[in-house]
Structure formats: C-alpha cells, structure tokens
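Just below is one structure, and these are the notes that go with it.
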Amino acid sequence: MSQSFIRAKPLQALKLGAVLGILGFGIAGVAGLFPDGGLNSLLLLAFFPMVLALVIGAETLFAGYRLLRADDPRSRLRNQPFYTAVRVFEVVATIGAPGTFYVLIVEVGSEVAGPGAIGVLFYGVGLGLLAFGAVVLRTAVEYYDHRQNRSTSGHVRGGNDVTR
C-alpha cells in the first residue's frame, strides 16, 4: 500500500490494519500458537466487529451529513454506483453482523449451555468474518479509486508526483 494512500485515506488504512491484525491474531490462536486453545482468538474474532460497527457507524453518519450539505446529493450517488453499493454493503455487513450476533446471544444464549455455546460463538466468528470481508472490499475499492485518480491527475507523470 502506497504512502500516498495512507496519507489520503488514514481511516481506511487504519481499519485495514486493524482487520488484518485481528485476523492474524485469530489465525495464530486457532493454529495453537497461544496456550488458551484458541478460545480468546475466537472471542476476539466474534466481538471485534462491534468496535468496527461503532467506527463505521460514525463514519457513515459523518458522510451522510456531508452528503446532505452537498449541492446535488443524488448526482453524487449516481456518479459512482459501484462505490455506493460497496459502501452500503460495508455499512450493512459491519453493523448488521454484530447486531445479529447480539440478537442471537440474547435469544438463544440462555438456552444453550456448555458445548452449544461454542456453536453460537462460531456463528459470531462467521458474522465477524463477513464484516471483515466488507471492510477489506471497501478498502480495496478505495485504493483502486485512489490509484486511478492519482494516475490521471495533472501533476502526476509516469507514476511520479511532480509537485514534490
């Protein structure tokens, strides 16, 4: 990932770094590199999307506020339909996944004891992976858009920024 992308989109880079770090920790834990048998890793994979939901919820509220204050909000949404669809998918997946997991815990959690609770935890891990995938997809689209806009701008020639 280029330094220009990190400077231009620090929140996207931070979200991607957090997701990759959590996934790495989760894979290492499930592989048995930690003495807890992978339970803490599974818990982290299941519950970290709640933190992502807060961040992406705040980001979405801010973006919605900026969109409402724009001159022509409908044209901004129609100009980039794929980006808009990816952003909506990210919001639905990252807010819906922990919400669904929470409802699952509240509705089924008291009835399930012992080994059945691990099954509920696996549902949480699956929903968490869905949220992580949505964040990675959005970051990839943002990175692609950044590379396309950067390479077509007037002050970039041959991949080198001539303004420096």
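Everything quoted here is computed from the prediction, not taken from an experiment.
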Are Leu137 and Glu90 close enough, and set up right, to give a side chain to side chain contact (heavy atoms under 4.5 Å, CB included), and what steps lead you there? CA-CA 8 Å; Leu137 176 66; Glu90 181 195 35; over 6 Å; no
Thr139/Lys9 under side chain to side chain contact (heavy atoms under 4.5 Å, CB included): CA gap, chis, key distance, verdict: CA-CA 9 Å; Thr139 304; Lys9 306 280 185 175; over 6 Å; no
Check the pair Val125, Leu43 against side chain to side chain contact (heavy atoms under 4.5 Å, CB included), reporting the backbone distance first and the verdict last. CA-CA 8 Å; Val125 169; Leu43 289 170; over 6 Å; no
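Side-chain contact between Leu45 and Leu23 is present, with at least one heavy-atom pair separated by less than 4.5 Å. At a threshold of 4.5 Å between non-hydrogen side-chain atoms, the residues Thr84 and Arg78 do not count as touching. Under the 4.5 Å side-chain criterion, counting only non-hydrogen atoms from C-beta, Leu11 is in contact with Val55. Between Ile105 and Tyr102 the shortest side-chain heavy-atom distance does not fall below 4.5 Å. You'll find the side chain of Leu121 reaches within 4.5 Å of the side chain of Leu39, heavy atoms only. In this structure, Gln80 and Asp145 have side chains that are in contact, with non-hydrogen atoms separated by less than 4.5 Å. The shortest side-chain heavy-atom distance between Gln12 and Phe5 falls under the 4.5 Å cut-off.
Contact between Tyr123 and Leu104 at its shortest, heavy atoms only, is CB-CD2, 3.6 Å. The two residues Arg138 and Val86 come nearest to each other via the heavy atoms CA-CG1, 3.7 Å. Residues Ala131 and Pro49 come closest through the heavy atom pair CB-CB, 4.1 Å. Looking at every heavy atom in both residues, Phe34 comes nearest to Ala28 through CE1-CB, 3.9 Å. Nearest heavy-atom pair across Ala93 and Pro98 is O-CD, 4.2 Å.
Annotation: the span from Ile95 atom CD1 to Thr60 atom OG1 amounts to 5.5 Å, rounded to 0.5 Å. Interatomic distance, Phe48 CZ to Ile22 CD1, rounded to the nearest 0.5 Å: 4.5 Å. Remark: Tyr143 OH to Gln148 CD distance equals 11.0 Å, nearest 0.5 Å. Annotation: the span from Leu20 atom CG to Leu16 atom CG amounts to 4.5 Å, rounded to 0.5 Å. Taken from OG1 in Thr94 to CZ in Phe132, the straight-line distance is 11.0 Å, to the nearest 0.5 Å. The line from CZ of Phe82 to OH of Tyr144 is 10.0 Å long, rounded to the nearest 0.5 Å.
There is no path of hydrophobic side-chain contacts, each under 4.5 Å, that joins Phe89 to Val136. Under the 4.5 Å side-chain heavy-atom criterion for Ile, Leu, Val, Met, Phe, Trp and Tyr, Phe122 and Met50 are members of the same hydrophobic cluster. Note: the hydrophobic cluster containing Phe47 also contains Ile118 (ILVMFWY, side chain heavy atoms under 4.5 Å, direct or indirect links). Note: the hydrophobic cluster containing Ile56 does not contain Leu14 (ILVMFWY, side chain heavy atoms under 4.5 Å, direct or indirect links). No chain of hydrophobic side-chain contacts below 4.5 Å, direct or via other Ile, Leu, Val, Met, Phe, Trp or Tyr residues, connects Val120 to Leu130.
Using modelled atom types and a 3.5 Å distance limit, the side chains of Glu142 and Tyr83 yield a donor-acceptor pair.
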